[in-house]
Amino acid sequence: MIPVEVVKIADDIRSMRIRGAGRIARAAARALKIAAERYEGEGELEDFLAYIGKVAELLASTRPTAVSLPNAINYVLMRLSRSAPRTVSEAKSAVISFSEEFINYSLSAVRRIGEIGSHRLSDGDVVLTHCNSSAAIAVIVEAHKQGKSLKVFATETRPKFQGLITVKALAEAGLDVTLIPDSAVRLVMKKLDKVIVGADTVAANGAVVNKIGTSQIALAAKEANVDFYVAAETYKFSPATVLGELVEIEERSAAEVVSESYIRAHPRVLVLNPAFDVTPPEYIDAIITEKGIIPPQAAFLVLTREYGRTITDLVVKATADLEEQP
Ligand code: RUB
């Protein structure tokens, strides 16, 4: 039986009480750790592996777009399998220690992105950010700590208003921050020097999937010749996109956009609520990762370096699937 605490984490990710690609990834790793700690059976190793597999499936099914979620799960499961445990107790310790390792790696990656990215911001810059990205905030806050005077605009980010979390964090860090409606981005663009956003998934061609509205901001930035940066840990890069797999864009409930009573009163009105969009690489000046700053076109190189083994496994599987076809 999957422990209640683990089911609760899965539920919190699905309902967005836990949100943001990095936090989702760390929550999944924490859930795997808890699942291993709470496992009571002492018998067959296969039973434990089947149980952890079920926990992984539950977690992976919560939200479809951020690749950080399956990447975090695979981080733990691949290392578990490579460690070739012989007993349940060895397998439990492996899951616990690899989950902790992922969480620590993730937290230090965000800090490192802050340090690396801060050099891209100059004293006096006016910066815009969208949604609520820990990685983008780390860059802005680190530059501010270095004594650079910055002015930040942050979008509300409808329909879930994640921008309110961002302005609170930036104001608490002592930054000069202004909240704007999403629709004010093009008007404000004239005042900006830089845009910096986070990512849920980076594809092999350098396209970035991030909160809905990001691609419109990138378009406006391109038109105004404003630098557009993405802050993304390497576990936001998607190995499956190397094989041409498309990133699923999550569609959420209409009730996040208008009230239930509005929906009932206007049965002929359809509401579409896509949670993410895709910004093409041509609109992105650079991606700031914990391993350094890259042009979006170098995403493929990051993927082969970080996920070489996963990509090989995916190719082997795809080839076997093809051979099985009549
Ligand atoms: C959050 C979002 C964030 C990225 C990056 O979407 O799009 O920009 O996840 O965040 P949601 P971070 O609120 O729907 O999860 O840098 O914190 O990983």
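When a ligand or atom number is given, it counts from 1 through the structure's own listing order.
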Chemist: On the six-membered ring of Y75, is R79 placed so that its NZ or CZ lies under 6.0 angstrom from the centre and within 45° of the ring axis?
Modeler: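 Yes, R79 lies over the aromatic ring of Y75.
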
Chemist: Cation-pi between K92 and F48: NZ/CZ under 6.0 Å from ring centre and within 45° of the ring axis?
Modeler: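 No, cation not above the ring by the 6.0 Å, 45° rule.
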
Chemist: Check whether the side chains of S149 and D123 place a donor and an acceptor atom closer than 3.5 Å, and report yes or no.
Modeler: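 No pair is found: no donor N or O on one side chain lies under 3.5 Å from an acceptor on the other.
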
Chemist: Would you say the side chains of T289 and E233 form a donor-acceptor pair under 3.5 Å?
Modeler: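 Looking only at side-chain atoms, E233 and T289 do not form any donor-acceptor pair under 3.5 Å.
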
Chemist: Go through the side-chain N and O atoms of K211 and T157 and say whether any donor and acceptor fall under 3.5 Å apart.
Modeler: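 No.
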
Chemist: Using a threshold of 4.0 angstrom between heavy atoms of the protein and any atom of ligand 1, which residues qualify?
Modeler: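 Within 4.0 Å of ligand 1, protein side: M16, R19, G20, A21, G22, R63, C131, N132, S133, S134, A135, Q162, A199, D200, N210, K211, K236, F276.
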
Chemist: Answer yes if the ring centres of Y39 and Y51 are under 6.0 angstrom apart, and no otherwise.
Modeler: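 Judged by ring-centre distance (under 6.0 Å), Y39 and Y51 do meet the cut-off.
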
